[in-house]
Amino acid sequence: MPRLHPDQLDALPPEVRRPRYARERLRAGIVHLGIGAFHRGHQAEITEAAIEAGGEDGLGWGIVGVSLRRPDTHDALMPQGGLYTLSLRSAGDGGEIHESLQVIGAVIDILVAERNPAAVLDRVSHPDTRIVSLTVTEKGYCHDPATGALNRDDPGIVSDLAHPDGPVTAIGYLARGLQRRMARGLGPLTLLSCDNLASNGDTLRKVLLAFCAEIDPALQDWVATRCTFPNSMVDRIVPKTTPDDVARVATALGQQDAWPVVGEPFFQWVIEDRFAAGRPRWEAGGAQFVDEARPFEVLKHRLVNGSQSMMAYTGVMAGWPTTDRVIAQPAVRTFIATTMAREVQPTLPPLPGLDIDAYRDSLLPRFTNPALGHQTRQIAMDGSQKIPQRLLAPIRDRIAAGQPFPRLALGVAAWLYFLRGYDEAGAAYRIEDPLAGALAGVMAEAESQAENRFDATERERVRVRAIAAFQPVFGALGESDVFIQAVAEQLERLRSHGVAGALGAINAAPDPAQV
Ligand code: CS2
């Protein structure tokens, strides 16, 4: 079977969409740090539409993708001239799978930073570069998740402050690249975070300016006054590509694509329209431009991602491997639907023009999409970076409003239960989390404090108090007795009755407004 390649595009079956512009004339206007499946399954598709719609201007918005460490995306896609397939999958009412295939051409080069740091710095400081966007996951910002401040003890940050020519973090690459830009008298850039962080643009600005201040106050000033950092909300479920996906796409294309990307048809990209040096016509691909993205971020982090994290921890512990299998459990379905409607929705900021009930009701079918196989283990990763904006932020709001939050507390308790490192069938797994070491220390300390308490409820409270004192995740919540009590109650239920028992109990409880 031939390899997918620019020379082979005409041989693709007619139903497969392909670049409809003069790709050989495409120039790079965007550098994207973190070219994983999410970027390829979301922003690259929308950029492809903007390039198609943009005529001559559109051809200035090709993407140079950067992998900070792993060479796998480079090695899979460069023999294909950067081309790859996006497969959007859903299931009809009768369970039949629908799949649409599009070969995307927007990515014209991929750099592996670890192999060639100079090439990445050159690209950030290239005159054609106008936007640097990022999907480096929550942990890539080297920040303290509870406050959003730069973590100066992060080993990557320590190294990047000491080694100007060989950064290892996205923050280091941005600072050193912008330093070269300033020195060369080039114009500013837009730095566009597309990660699931609270106020992702503001957070990026804060950590980057803190880093710049350490190396050159003039650079800090230049970045602060000339570059822009729009906040944005990104949404599309993009699970990890499986060998079955690779085989299925090859059969459909009649060509071998080494690394296609699979996603759901739904997507949303809400961006603040603050660009320092122009932007592609992303609205042609369905992006939405707003003055303030923060309310959309809060909506999405709490309803979509918060629900996913709760499904992930209950699912891993109870042995349900994918979100559709989790939601197939009536008790979880009820739990998630009720948490969203009763506990999360009342914490959301006003969003004029959005039918919030309809938005909320559209989520369960997305989680249930059986054509995706979205793994609970994948979502469960990096909990320390995700829990603060997904579950702790709405809990904080409920405490401030004097409202109960037993279901959100069960979500947090499920994360703590998961951190013990083995599921309810006794199968052990590794905790993948940048703070795994620190969390293990905190858990051990909690156990030793709880050891000589004989009352089970008191023991759990002591444990949770010790864990919640871990500031980088919990911030000031560690001092809230209401929080500690609510989480301890749910954790005790999980420990003594398992996921099924705890869900059964919470679903049978009266409306939290009356608790
Ligand atoms: C998921 C997200 O793995 C995770 O943390 O919750 O990747 C989620 O699927 C996307 O944010 C959906 O837009």
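Numbering of ligands and ligand atoms starts at 1, following listing order.
Under the 4.0 Å criterion applied to side-chain N and carboxylate O atoms, Glu272 and Arg274 are assigned as salt-bridge partners. Asp245 has a carboxylate O that lies under 4.0 Å from a charged side-chain N of Arg248, or vice versa, which qualifies the two as a salt bridge. Looking at Arg40 and Glu48, no side-chain N of the basic residue comes within less than 4.0 Å of a carboxylate O on the acidic one, giving no salt bridge.
Across every non-hydrogen atom of Ile379 and Tyr313, the tightest pair is O-OH, 4.5 Å.
The nearest protein heavy atom to atom 9 (O) of ligand 1 is closer than 4.0 Å.
Considering Gln308, Arg366, His301 only, the shortest heavy-atom separation from atom 1 (C) of ligand 1 involves Gln308.
The distance from ligand 1 to the heavy atoms of His374 drops below 4.0 Å at these ligand atoms: 9 (O). Against a heavy-atom cut-off of under 4.0 Å, Lys386 is close to the following atoms of ligand 1: 3 (O), 4 (C), 5 (O). Which parts of ligand 1 touch Lys300 is read off a 4.0 Å heavy-atom cut-off, strictly below it: atoms 10 (C), 11 (O), 12 (C), 13 (O).
For the pair Asn196 and ligand 1, the shortest N or O to N or O distance falls below 3.5 Å.
With a 6.0 Å radius and a threshold of 12 heavy atoms from other residues, nucleotides or ligands, Tyr429 has its OH atom above the threshold.
Phe289 carries Arg279 over the face of its six-membered ring, with the cationic atom under 6.0 Å from the centre and within 45° of the normal. Cation-pi check for Arg130 over Trp61 is met; the charged atom lies under 6.0 angstrom from the ring centroid and within 45 degrees of its normal.
With a 4.0 Å cut-off on non-hydrogen atoms, Lys240 does not touch ligand 1 at all. Contacts between Ile379 and ligand 1 below 4.0 angstrom, taking non-hydrogen atoms only, involve backbone and side chain alike.
Contact annotation: Glu264 has no heavy atom less than 4.0 Å from any atom of ligand 1.
Nearest protein heavy-atom neighbour of atom 12 (C) of ligand 1: Asp235 OD1, 3.3 Å.
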